[in-house]
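Excluded from the calculations below are hydrogen atoms, water molecules and symmetry mates; all remaining heavy atoms, backbone and side chain alike, are included. Per chain, numbering begins at 1; letters A, B, ... match sequence-line order.
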Amino acid sequence: MQEFLLPVIKSALQSAAIETDKPVQIEKPTDKKNGDFSTNIALLLSKECRRNPRELAAELIGQMIFPDGTVERIEIAGPGFINFYLTPLFIMQSVEHILLEGKGYGSSCAGKGRTAIVEYVSANPTGPLTIGRGRGGVLGDCIANLLETQGYSLTREYYFNDAGRQMQILGESVRYRYMERCGRDIVFPDSHYQGEYIREIAEILFHEHESSLIDSDDPGIFKDTAESIIFSSIKKTLARIDIRHDSFFNEHTLYIAEENGKSANDRVLELLESKGFIDRYEGATWFLTTKLGQEKDKVLVKSSGEPSYRLPDIAYHLDKYRRKFDLIVNVFGADHIDEYPDVLEALRILGHDTSKMRVAINQFVTTTVDGETVKMSTRKGNADLLDELIDDVGADATRLFFIMRSKDSHLNFDIELAKKQSKDNPVFYLQYAHARICSLLRIAAEEVGFKPDGSGAHLLQRLSLEPEIQLGFTLLDYPEVIRTAIRLLEPQKMVEYLHSVAEQYHKFYQECPILKADPDIRTARLFLSLATRQVLRNGFTILGISAPESM
RNA sequence: GUGCCCGUAGCUCAAUGGAUAGAGCAUCAGCCUUCUAAGCUGAGGGUUACUGGUUCGAGUCCAGUCGGGCGCACCA
């Protein structure tokens, strides 16, 4: 929206014979009194021009030439801000474009012809998904949705490992429960998976094979069965909140030798060694991160001969580079905070452009039940399963609550609040605005034969009341909000914005009669409602929440 | 001990280095013969944890202090 001011200001600088490398910043003041848009350019330049900022502002304004009918007035304010006030006509003409663009409003071609990969969830199939994983999952999914609006060709990837030690323990855990089910007297080890789901898997095996597996030559059946059941349950849980991946990358493949006899892991070692960043001592193979100023070297191959998790991690990201993505986004929880700097360093050493890679880290989740905070614990298996949360509060609330706080903040998930079917619950506030518009449009169609076909959209220009202009102006922010959310990898910005759209609409609805207004004004207000609904819908699509037609 | 994140209204949280720090909930006072009151309007509520620094300007950046969270394995 504010783009049209940029060339105006730049050419004014030129006319005033000011050359600078300072960027021209146009912002939207928080207080409406300070204009629809404002620039601090005079403040920024006053020093290098050695001139009073207000005086400089006055000269710049004198040089500005605006497109016809866009700017109503300009002010110099405070220490030297230049504030722009738009004409209602210009705002409403712009709102008309929202209707023309429809579903595509907010989209752009910024990512056209470019590829991106977003990796998220990536839980190993050792057990059901926890609430903590859910936050990262929704965060990743929304980031992917955001990127899609910019035309990126997108891959949603899930990285997992069905080979390592944890999976072995999983298989053994099932075996123990199976023996138990067969009536054997066993002691279940503390170090193994305690969850009820292990018993359920054992029960399934018992149901199919009865006791015939007790002396089986193939202990792998316990692991394999557990893996396939758990993985499909994870996918099912994710699907309930509309998270679907289109690529599953198995870490295990990085261990397997290719035709030349070398695995992806081997190649990483060779490459790092050729750069002089590998050494062997104490029986292990080390990544010499001390050369990069870190306190300790990091083990890549343990003295047992097995790679540590760092090696396949590097190999995996090398593979992402091999697949030539233009943008690589990784989403994970705060517990992995120390993991990625090493990966990044390795990639940099191997000559890759690490600015392509971005990491979104989400802080942890605590749940509040009856005002009491319950800390997350994977071991205990209490109320921290994502599935149970979805049962409890529904898919929409689950998704929205996970992203309505900044990812850097610890999330306090208030279960009671999420369950409430009332205005306290932010999910309902947003959805109610949408339902209200749908209801209004239904009545308008029946009673006055309103058709949302755009034929009367030009009447929008007739609107000039404060709530109408405010709402329209807010709607025009949408594309900028998407860009900001992407820049910060922060879908929370979208939640906040949509809340303000809903708020503006309710205010408009309250203060401006729609169906009872004169025909032209009525039509115009109905089109404004349509535009609002479009923005809400587009935003809901990115957040992955439903847009109910009635409530 | 150390690396990262956080500390803002009674509670949950906002605020690309900008102007008088904002919402929601809670509290109090108003608005339905009228398109969904699941809504709207208004009021009270703050030394932005603390101390310095950087500059035209700091909740935001820098240094330190204090508090809370998460990591710091030849586990992933």
Side-chain angles (χ1 to χ4, degrees), chain A residues 25 27-31 33-35 38 40 43-44 46-47 52-53 77-81 83 122-124 126 161 164-167 251 282-286 294-296 298-310 312-313 333-339 341 361-364 366 368 371 375 404-412 414 417 420-426 428-429 431-433 435-444 447-448 467 480 483-484 487-488 492-493 495-496 499-500 502-503 505-517 522 525-526 529 550-551:
Chain A
Q25 299 172 23
E27 56 188 29
K28 195 182 168 190
T30 41
D31 192 334
K33 280 179 223 148
N34 295 319
S38 111
N40 60 357
L43 288 161
L44 290 178
S46 71
K47 194 167 228 178
N52 176 300
F81 292 104
N83 298 339
S122 295
N124 284 341
T126 56
N161 187 14
R165 222 176 92 76
Q166 294 305 311
M167 291 302 291
E251 177 187 332
E282 294 170 9
T285 305
W286 300 79
Q294 293 190 30
E295 275 183 34
K296 281 186 70 181
K298 303 289 167 57
V299 171
L300 292 182
V301 182
K302 300 184 249 176
S303 50
S304 66
E306 287 172 293
S308 80
Y309 71 91
R310 267 173 234 275
D313 231 29
D335 53 336
H336 287 239
I337 190 85
D338 283 341
E339 180 173 327
I361 295 169
N362 64 279
Q363 294 298 317
F364 274 14
T366 53
T368 304
K375 239 181 115 177
M404 72 183 194
R405 304 293 177 228
S406 131
K407 64 182 187 298
D408 290 333
S409 293
H410 293 250
L411 174 66
N412 201 320
D414 187 333
L417 178 61
K420 265 190 201 166
Q421 308 270 313
S422 80
K423 63 175 177 179
D424 307 356
N425 186 340
F428 281 81
Y429 187 80
Q431 293 182 329
Y432 177 58
R436 200 175 213 187
I437 295 170
C438 290
S439 169
L440 176 74
L441 291 169
R442 271 195 303 272
I443 296 170
E447 293 188 1
V448 300
E480 180 65 24
R483 283 192 287 272
T484 303
R487 182 165 45 80
L488 304 173
Q492 184 263 336
K493 299 289 170 205
V495 180
E496 200 186 3
H499 189 276
S500 77
E503 188 176 40
Y505 187 78
H506 288 311
K507 195 174 289 191
F508 157 71
Y509 185 95
Q510 195 77 25
E511 294 180 26
C512 306
I514 299 166
L515 297 178
K516 290 179 176 56
R522 178 180 67 208
R525 287 179 180 161
L526 285 167
S529 300
S550 67
M551 289 172 77

### Task
Evaluate the ring planes of His499(A) and Tyr429(A), with Trp represented by its six-membered ring, and classify them as parallel (under 30°), tilted (30 to 60°) or perpendicular (over 60°).
parallel
### Task
Specify the closest pair of heavy atoms between Leu417(A) and Asn425(A), including all atoms of both residues, with the distance to one decimal.
O-ND2, 3.2 Å
### Message
To the closest 0.5 Å, what do you measure between CZ (Arg310(A)) and CD (Glu339(A))?
### Response
7.5 Å
### Query
So, the side chain of Asn83(A) versus the backbone of Ser38(A): is there a donor-acceptor pair under 3.5 Å, distance only?
no
### Summary
Of Lys516(A) and Tyr429(A), the one whose nearest nucleotide on RNA chain B sits closer to the 5' end is Lys516(A)
### Query
Taking for each residue the nucleotide of RNA chain B with the nearest heavy atom, is it Arg405(A) or Glu511(A) whose nucleotide lies nearer the 5' end?
Arg405(A)
### Query
Can you tell me how far the CG atom of Asp408(A) sits from the CD1 atom of Ile361(A), to the nearest 0.5 Å?
8.5 Å
### Query
Looking for any heavy atom pair under 4.0 Å, which part of the strands does Ile514(A) touch: base, sugar-phosphate only, or nothing?
base
### Message
By the 4.0 Å heavy-atom rule, please label Cys438(A) as base, sugar-phosphate, or nothing.
### Response
nothing
### Query
Under 4.0 angstrom, heavy atoms only, what part of the nucleic acid is Tyr509(A) near: base, sugar-phosphate, or nothing?
base
### Task
Provide, to the nearest angstrom, the distance between the CG atom belonging to Asp414(A) and the P atom belonging to rC13(B).
10 Å
### Task
Take atom C1' in rU41(B) and the same atom in rG46(B), then report the distance between them in whole Å.
24 Å
### Message
What's the gap between rU48(B) and rG64(B) when it is taken at their P atoms, as a whole Å value?
### Response
23 Å
### Message
At under 4.0 Å between heavy atoms, how does the protein contact nucleotides 71-76 of chain B? Give one character per nucleotide, 5' to 3', with B, S or -.
### Response
BS-BSB
### Query
Is the backbone of Lys33(A) close enough, under 3.5 Å, to the side chain of Asp31(A) for a donor and an acceptor to pair up by distance?
yes
### Task
To the nearest Å, give me how far apart CG (Leu440(A)) and C1' (rA38(B)) are.
16 Å
#### Entry: Non-neighbouring partners of Glu306(A) that pass side chain to side chain donor-acceptor pair (under 3.5 Å), sequence neighbours left out
Ser304(A)
Distances under 3.5 Å between nitrogen or oxygen atoms of protein and nucleotides 18-21 of chain B:
{"from": "rG18(B)", "atom 1": "N7", "to": "Asn40(A)", "atom 2": "ND2", "distance (Å)": "3.2"}
{"from": "rA19(B)", "atom 1": "N6", "to": "Ser38(A)", "atom 2": "OG", "distance (Å)": "3.0"}
{"from": "rA19(B)", "atom 1": "N6", "to": "Asn83(A)", "atom 2": "OD1", "distance (Å)": "3.0"}
{"from": "rA19(B)", "atom 1": "N1", "to": "Asn83(A)", "atom 2": "OD1", "distance (Å)": "3.3"}
{"from": "rA19(B)", "atom 1": "N1", "to": "Asn83(A)", "atom 2": "ND2", "distance (Å)": "3.2"}

### Query
Residues in ring pair (Phe, Tyr, Trp, His ring centres under 6.0 Å) with Phe508(A), at least two apart?
Tyr505(A)
### Query
Should the heavy atoms of other residues, nucleotides or ligands under 6.0 Å from CZ of Arg165(A) be counted, would the total exceed 12?
no
### Task
Kindly point out which of rU41(B), rU36(B), rU16(B) is positioned nearest to the side chain of Lys493(A)?
rU16(B)
### Query
Under the 3.5 angstrom rule, does the side chain of Ser439(A) hit a backbone N or O of Ala435(A) as a donor-acceptor pair?
no
### Query
Are the side chain of Asn124(A) and the backbone N or O of Asn161(A) linked by a donor-acceptor pair below 3.5 Å?
yes
### Query
So what does Ala435(A) touch, heavy atoms closer than 4.0 Å: a base, only the sugar-phosphate, or nothing?
base
### Query
Does any N or O in the side chain of Arg405(A) come within less than 3.5 Å of the main-chain N or O of His410(A), such that one atom is a donor and the other an acceptor?
no
### Message
Looking at rU41(B), I'd like to know if its phosphate oxygens (OP1 or OP2) sit under 4.0 Å from a side-chain N or O belonging to Lys507(A).
### Response
yes
### Query
To the nearest Å, how far apart are Phe428(A) CZ and rG39(B) P?
11 Å
Can you give me the N/O atom pairs linking the protein to nucleotides 24-30 of chain B at distances under 3.5 Å, or say none if there are none?
none

### Message
Could you tell me how far apart Asp408(A) (CG) and rG7(B) (C1') are, to the nearest whole angstrom?
### Response
13 Å
### Query
Leu488(A) has an atom CG; how far is it from atom P of rA15(B), in whole Å?
9 Å
### Query
Reckon Ser550(A) touches a base, only the sugar-phosphate, or nothing at all at heavy-atom distances under 4.0 Å?
base
### Minimum heavy-atom distance Ser529(A)-Ile514(A), with the two atoms named
OG-CD1, 4.3 Å
#### Entry: Glycosidic conformation of rC31(B), taking syn as within 90° of 0 and anti otherwise
anti
### Query
Using atom P of each nucleotide, how far apart are rC62(B) and rC5(B) to the nearest Å?
10 Å
### Query
How far does the P atom of rG22(B) sit from the matching atom of rC72(B), given to the nearest Å?
42 Å
### Query
To the side chain of Gln363(A), which of rC5(B), rU12(B), rC40(B) is closest?
rC5(B)
### Message
What is the distance, to the nearest angstrom, from the NZ atom on Lys407(A) to the P atom on rC4(B)?
### Response
17 Å
#### Entry: Spacing of Glu295(A) atom CD relative to rC4(B) atom P, expressed in whole Å
12 Å
### Message
Without decimals, in angstroms, what is the distance between Gln510(A) CD and rU36(B) P?
### Response
13 Å
### Query
How does RNA chain B look in dot-bracket form if you count Watson-Crick and G-U pairs under 3.5 Å, write [ ] for pairs that cross, and put | where a base pairs with another strand?
(((((((..((((....[...)))).(((((.......))))).....(((((..]....))))))))))))....
### Query
Arg436(A) has a side chain; which of rC13(B), rG39(B), rC35(B) sits nearest to it?
rG39(B)
